[in-house]
Amino acid sequence: MNSTEKSITGYEPKVTLINAPFDPDSIIAISCDITMKPQFNMINNLQTSKIKGTVKNLLTMNHTSLFEHIHYTFFIQNITRSLLAQITRHRIGSFTSSSQHYQEYDQHYGFSIDKKHIDNIFVVQAINQSIESYKILRRAGVSKEEARQVLPNAIHVNLLWSVNARSLINFLNLRMCKRNVLEMRLFAMEIHEIVKKHFPTLFNLIGPDCFMTQCRQGKMSCQK
Ligand SMILES: Cc1cc2nc3c(=O)[nH]c(=O)nc-3n(C[C@H](O)[C@H](O)[C@H](O)COP(=O)(O)OP(=O)(O)OC[C@H]3O[C@@H](n4cnc5c(N)ncnc54)[C@H](O)[C@@H]3O)c2cc1C
């Protein structure tokens, strides 16, 4: 590897949950009680044991606005700029990403591609040529925000994503489906593992259409 060559890995999204409510079951219990009772005792609500059935009913009845009270913030590393373009299509959420305008982008970020191409010399050369072109442009006095136009989609980005549980249900339902590209599916599965641990009552019930109801992909269905 010469000085311009950077590390290229398979898709290994790294997700850290940095903020989530302490007791999501109780938030749902309280919001359900508010809809049904003029007065309620906060302590009794916190001890509710019926929450599993309630969450299932809320999903079935599509009374999902209650899940908007559960907020998550994830710190995400080792994802590509292509994944950034896809995840930011999910408008119900907040995003902050590393800037190719302010950062010297060749120095600190790696690349990911499907690991079946990692030993393909043409793919590796193409990525290295792209980063070399970026360096040449920078040395020639081209600004960071213009030089970045030659960087590949495979380059990594750091991302902060804040999203509520209702929007996450939509995200996971759409993005765990096999119609999505490999990196997105791996990323969605990583997010799913984290939220299942935090709020199993809800997220054990969430998955692609084929898991939750039935596939709607018609001819494009993977049939699995
Ligand atoms: C397999 C797959 C392939 C895809 N391919 C492409 C592609 O080729 N090209 C492409 O451009 N996109 C593509 N997308 C992106 C897709 O079209 C959506 O933009 C993306 O999945 C975000 O979904 P969303 O709008 O439901 O999410 P959000 O933006 O988070 O919105 C959540 C929900 O809020 C409501 N909502 C949000 N904004 C509005 C609005 N303005 N008006 C009315 N209701 C609103 C809707 O009910 C929506 O489902 C693809 C997605 C998948 C899963």
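In each ligand, atom 1 is the first atom listed, and ligand 1 is the first ligand listed. Residue numbers start at 1 and run along the sequence shown.
For atom 23 (O) of ligand 1, the nearest non-hydrogen atom of the protein is L174 CD1, 3.6 Å. The protein heavy atom nearest to atom 24 (P) of ligand 1 is N170 ND2, 3.7 Å. Nearest non-hydrogen protein atom to atom 13 (C) of ligand 1 is R89 NH1, 4.2 Å. Atom 42 (N) of ligand 1 has R91 NH1, 5.0 Å as its closest protein atom, hydrogens excluded (heavy atom only). With hydrogens left out, the protein atom closest to atom 31 (O) of ligand 1 is I92 CG1, 3.7 Å, a heavy atom.
For atom 18 (C) of ligand 1, the protein comes within 4.0 Å by no heavy atom at all. Atom 7 (C) of ligand 1 is not flagged as protein-proximal [any protein heavy atom, distance under 4.0 Å]. Of the protein's heavy atoms, none falls inside 4.0 Å of atom 44 (N) of ligand 1. The nearest protein heavy atom to atom 47 (O) of ligand 1 is not closer than 4.0 Å. Closer than 4.0 Å to atom 53 (C) of ligand 1 lies at least one heavy atom of the protein. There is no protein heavy atom closer than 4.0 angstrom to atom 3 (C) of ligand 1. Shown here, atom 37 (C) of ligand 1 is in close reach of the protein: a heavy atom of it lies under 4.0 Å off.
Among residues at least two apart or in separate chains, salt bridge (Lys or Arg N to Asp or Glu O under 4.0 Å) pairs with a member in residues 62-74 are E68-R166.
Here atom 15 (C) of ligand 1 lies nearest to R175 when heavy atoms of R175, M176, H90, K178 are compared.
Side-chain atoms of S31 do not come within 3.5 Å of backbone N or O of L66 as any donor-acceptor pair. Listed for the R148 side chain is a donor-acceptor partner under 3.5 Å among the backbone atoms of E145. Of the possible polar contacts, one joining the N180 side chain to the L174 backbone as a donor-acceptor pair under 3.5 Å is found. In terms of modelled atom types and a separation under 3.5 Å, the side chain of T88 and the main chain of L84 share a donor-acceptor contact.
With S112 as the fixed residue, the side chain to side chain donor-acceptor pair (under 3.5 Å) test singles out one of T9, T80, N153: T9.
Ligand 1 has no nitrogen or oxygen under 3.5 angstrom from a nitrogen or oxygen of R179. Residue contacts with ligand 1: N180 is placed with no nitrogen or oxygen under 3.5 Å of a nitrogen or oxygen of the ligand (distance criterion only).
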**Message:** Does T73 form a side-chain hydrogen bond (donor to acceptor under 3.5 Å, both in side chains) with S162? I'd like the steps, not just the answer.
**Reply:** CA-CA 4 Å; T73 299; S162 296; 2.9 Å; yes
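Of the charged side-chain nitrogens involved, none lies within less than 4.0 Å of a carboxylate oxygen, so that E132 and K135 do not count as a salt-bridged pair.
Considering only residues two or more places apart in sequence or on other chains, F203 meets the ring pair (Phe, Tyr, Trp, His ring centres under 6.0 Å) condition with none of them.
No side-chain donor from either of R81 and H156 sits under 3.5 Å from a side-chain acceptor of the other.
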